[in-house]
Amino acid sequence: MGGLLGGGGDNGAVALQRKVAEQNQRKQLAALAKTAAETDQATAKAKGGGRRAGGNKLLTYIGASDGQSTLG
């Protein structure tokens, strides 16, 4: 009868379980995103640094005044 009148204590326990499950899911997603980012960074470094390295080479070429530097 208490459940019909809103006096049941199970609703609080269910809400707490949902809250804990949502927190755990967010933690798992954050860990997965961190792992994916680390993998992407390692892959970029293995390929030579990505766009940044290309930009540095271009600046070196443009900044050379002797005309002997080559692009790449």
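Every value quoted in this text rests on a predicted model; they were computed, and no experiment measured them.
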Query - Results of side chain to side chain contact (heavy atoms under 4.5 Å, CB included) for Thr35 - residues two or more places apart only - result: Thr39
Query raised in the report: With clusters built from Ile, Leu, Val, Met, Phe, Trp and Tyr whose side-chain heavy atoms come within less than 4.5 Å, directly or transitively, what are the remaining members of the cluster of Leu32, listed by chain and number?
Result: none
Under 3.5 Å donor-acceptor pairs involving side-chain atoms of residues 17-26, not counting sequence neighbours:
unit_1 : atom_1 : unit_2 : atom_2 : d
Asn24  : ND2    : Val20  : O      : 3.4

